[in-house]
Amino acid sequence: MTPPVVEFQRVTKSYFRGEQEIPVLKDFSLSVPPGRFLAIMGPSGSGKTTILNLVAGLDRPTQGTIRAAGLAVSQQGESDLARWRARHIGFVFQFYNLIPVLTASENVELPLLLSTLTRQERVKHVQAALGLVGLKDRIHHYPRQLSGGQEQRVGIARAIVSDPTILLADEPTGNLDRTAAESVMALLSRLHRELNKTILMVTHDPRAAEYAQETLHFDKGTVASS
Amino acid sequence: MKLLLAYSLRNVWVRSSTAGLTIGGLALVSLILLAVLMLGNGLNRALIESGSPDNVLLLRKGATTEIASGIYRDQAHIVRTLADIAHTSGGEPLAIPELVVLISLAKSGAETPANVVVRGTRPDAFRLRPQVRLRQGRTWQPGTTEIVIGTQIATRFLRDGIGTHLRIGKRDWLVVGITESQGTAFESEIWGDVDQLMSAYGRDSYSSLTLRLSSSSAFQSIDDAIAADTRLLLQVKRERDYYREKSMTMATFIRLLGFTFTFIFAVGAVLGGTMTMYGAVASRTREIGMLRALGFRPRQILSALLFESLMLGALAGLLAIGGGMALQFVTLSTMNFSTFSELAFRLTLTPTSALATMGFALGISMVGGIPPAIRAARLSVAAALRAPGR
């Protein structure tokens with residue numbers, strides 16, 4: 001049996017405001033097999049984004065253990081986590097988070113700067129990634145010269161350019177109109193099918209969730225339904 | 001790394017208005033420092049470089065300036081017979097007794113007069129001080145009341161130049177030439193025949209005697225010979241040391257004042273730079289969070305932001321040096337505390353002062369950039385990704 005690519009074991013996560021404890025995840029367990037496209041839905045503050053942050057090691061659980069892409073994420077130091085993230089995690093953000101002073105290709109190249117690839121190899125990877133998202137003709141455009149949908153495609157190209165094990169998408173359609181949102185979701189779905197990527201996607205949009213193989217409904221730190 | 005540097009560069013370009021203000025502030029402070037250094041350089045050139053390394057100045061024992069010194073004719077004669085003095089091609093010892101007096105002269109365009117040094121000397125003084133050259137006209141004829149004036153005197157006091165008559169002592173003197181001397185203090189002096197000047201002032205002693213050593217190493221033997229002769233109650237100094245001592249008080253005062261102002265302004269500039277960089281970090285919090293999420297380490301973020309800060313400093317340094325180049329055309333005058341006479345000098349830019357200014361600009365931009373860069377590197381990634389803005 002193939003081991004899960006993401007595994008939460010009885011994870012609790014709380015934030016503290018002064019003395020007051022604010023629980024976000026309560027005794028949460030999850031197992032995601034490789035190549036799965038999982039959507040996580042739920043109201044604001046239900047802990048959806050926290051799950052993504054915990055998978056990527058951007059946040060640490062209060063209790064429990066998390067394994068992702070073969071690493072006990074919750075037990076690593078910052079430096080090791082940064083190295084691991086560069087290799088195994090691709091992020092797609094709601095607001096794209098492209099650097100406005102860099103061109104599309106330079107934005108996509110960013111994660112590769114942390115690899116050992118040569119400049120020429122990086123250029124090839126960038127062109128391939130932008131080709132996959134259908135933006136080969138926008139290589140030298142700055143983010144301000146792109147539409148919202150195109151910006152998100154550049155964001156997706158940046159997320160996949162280093163061929164990560166897991167794609168984490170936080171509200172990838174949250175800032176797009178219907179048409180652009182459907183186009184972005186179709187792209188994510190295609191990447192999942194063709195590249196067999198494991199995708200964890202947080203969304204408010206039921207239409208977006210329909211592209212996933214499975215949807216977890218989250219409420220008050222626990223799974224309400226799936 | 002090239003891309004990260006391009007990222008920093010383009011961020012400076014994008015924030016050109018705030019970056020421009022910061023660069024302007026840093027450049028002004030750096031320019032103040034550079035101006036102070038240039039003042040010091042100008043003074044050094046005017047005073048210290050007035051002295052030649054192989055020249056020796058003789059003053060009466062106890063006298064600290066030429067004005068306060070006195071050397072009798074027979075003493076001067078004895079000195080001229082000593083060994084180890086260089087000779088002219090005509091066989092004359094290159095040892096010239098001189099009289100230095102002050103006259104009050106009206107400055108062109110100013111109501112208050114200023115003191116000017118008049119040096120009674122001999123035509124061989126041009127050999128003794130090769131940096132002094134005739135720029136216009138001719139030198140004075142020995143035994144006449146003709147004089148030559150330095151370029152600073154010509155531009156600041158006697159604008160009519162050659163042909164001007166001047167009352168010095170109890171005689172009328174005629175300007176027959178204008179000298180230049182590579183920015184040294186001699187450009188602020190009037191030179192004429194020493195015997196005529198002594199006669200005009202009713203003096204029977206010289207102020208000083210300057211001689212050229214036959215070799216640089218002969219200083220000690222001249223010093224020993226003069227010390228051993230009880231008729232010569234004279235002190236011996238290398239000309240350069242004499243002028244260095246004279247410039248010390250003034251240069252120290254100007255530097256102290258300048259550095260104090262520079263320090264105060266530098267604190268302001270550091271705060272300005274810090275605020276700019278804090279602003280840069282605040283407006284890019286999410287961007288920094290994204291870079292950290294991608295796997296960039298705090299050290300790399302810190303380096304990129306520090307580089308950005310250093311770039312502001314480098315541009316400011318270049319601007320300041322550009323300003324310094326323009327300041328080279330400024331001539332200032334001050335009181336020479338050793339002679340109480342007017343001393344004109346040019347602000348002088350040297351490679352060392354330019355490098356020091358660039359180092360200073362980089363230093364204060366670095367100091368200003370460190371706290372915001374550390375803040376950026378320490379940001380919680382999850383919190384940074386939730387931050388508003390870009």
Side-chain angles (χ1 to χ4, degrees), chain A residues 13 15 24 49-60 77-103 105-115 119 122-123 126 142-144 151 155 158-159 161-162 164 168 170-171, chain B residues 1-20 277 279-305 307-309 311-312 374-390:
Chain A
K13 174 67 187 174
Y15 292 107
V24 182
T49 300
T50 301
I51 291 174
L52 298 191
N53 289 342
L54 288 170
V55 171
L58 303 180
D59 217 341
R60 289 178 185 276
E78 279 296 325
S79 206
D80 290 337
L81 275 174
R83 233 190 323 267
W84 170 81
R85 263 200 307 273
R87 173 69 196 88
H88 292 285
I89 302 290
F91 277 100
V92 180
F93 302 98
Q94 179 180 357
F95 297 104
Y96 333 127
N97 287 352
L98 300 181
I99 294 181
V101 296
L102 300 182
T103 62
S105 63
E106 288 169 337
N107 268 290
V108 175
E109 192 185 345
L110 278 172
L112 300 180
L113 296 179
L114 301 164
S115 71
R119 167 90 183 123
R122 291 204 304 268
V123 169
V126 167
Y142 285 92
R144 65 176 181 279
E151 281 195 78
R158 182 182 60 193
V161 72
S162 56
L168 301 176
D170 191 358
E171 302 274 12
Chain B
M1 216 55 214
K2 208 170 139 191
L3 183 57
L4 277 185
L5 298 185
Y7 164 64
S8 297
L9 253 173
R10 288 183 210 168
N11 267 310
V12 170
W13 179 249
V14 164
R15 295 179 296 111
S16 52
S17 52
T18 48
M277 290 310 293
V281 169
S283 66
R284 277 187 276 157
T285 302
R286 213 161 66 203
E287 203 171 287
I288 291 164
M290 181 275 293
L291 288 171
R292 293 281 311 280
L294 292 187
F296 284 91
R297 289 180 219 166
R299 181 164 40 89
Q300 290 165 311
I301 305 287
L302 189 99
S303 305
L305 284 164
F307 175 74
E308 202 170 311
S309 190
M311 213 152 35
L312 297 179
I374 289 176
R375 181 182 177 273
R378 283 185 177 167
L379 279 174
S380 146
V381 185
L385 286 170
R386 285 196 300 271
R390 85 189 208 203

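Just so you know, these numbers come straight off a predicted model, no measurement behind them. As a basis for the values below, the full set of heavy atoms in this structure was taken, side chains included, without hydrogen atoms, waters or symmetry mates.
When heavy atoms are compared at a cutoff of 4.5 Å, A:Arg87 does not approach chain B at all. Contact of A:Ile89 with chain B is not made at all, since no heavy-atom distance falls under 4.5 Å. Proximity to chain A (any heavy atom under 4.5 Å) is shown, for B:Arg292, by both the backbone and the side chain. Only the side chain of A:Phe93 comes within contact range of chain B, with at least one heavy atom under 4.5 Å from a heavy atom of that chain. In this structure, chain B has no heavy atom under 4.5 Å from any part of A:Gln94. The part of B:Leu291 that comes within reach of chain A is its side chain, from C-beta onward, which places non-hydrogen atoms under 4.5 angstrom from that chain.
The distance from the CG atom of A:Asn97 to the CD1 atom of B:Ile288 is 11.5 Å, given to the nearest 0.5 Å. Taking CD1 of A:Ile99 as the reference point, atom CZ of B:Arg10 lies at 10.5 Å (rounded to 0.5 Å). In this structure, OH on A:Tyr96 lies 10.0 Å from CZ on B:Arg286, to the nearest 0.5 angstrom. Here the CG atom belonging to A:Leu113 is positioned 4.5 Å from the CZ atom belonging to B:Phe296, to the nearest 0.5 angstrom.
Chain B is approached within less than 4.5 Å, heavy atom to heavy atom, by A:Asn53, A:Leu58, A:Asp59 from residues 51-60 of chain A, ordered by number.
Looking at heavy atoms from C-beta onward, A:Glu78 lies out of side-chain contact with B:Arg297 at the 4.5 angstrom threshold. Taking 4.5 Å as the limit, some side-chain heavy atom of A:Leu114 sits within range of a side-chain heavy atom of B:Gln300.
Ranked by heavy-atom pairs under 4.5 Å with chain A, the first of B:Ala293, B:Pro298, B:Ala382 is B:Ala293.
Across all non-hydrogen atoms, the minimal contact from B:Glu287 to A:Pro100 is OE1-CD, 3.4 Å.
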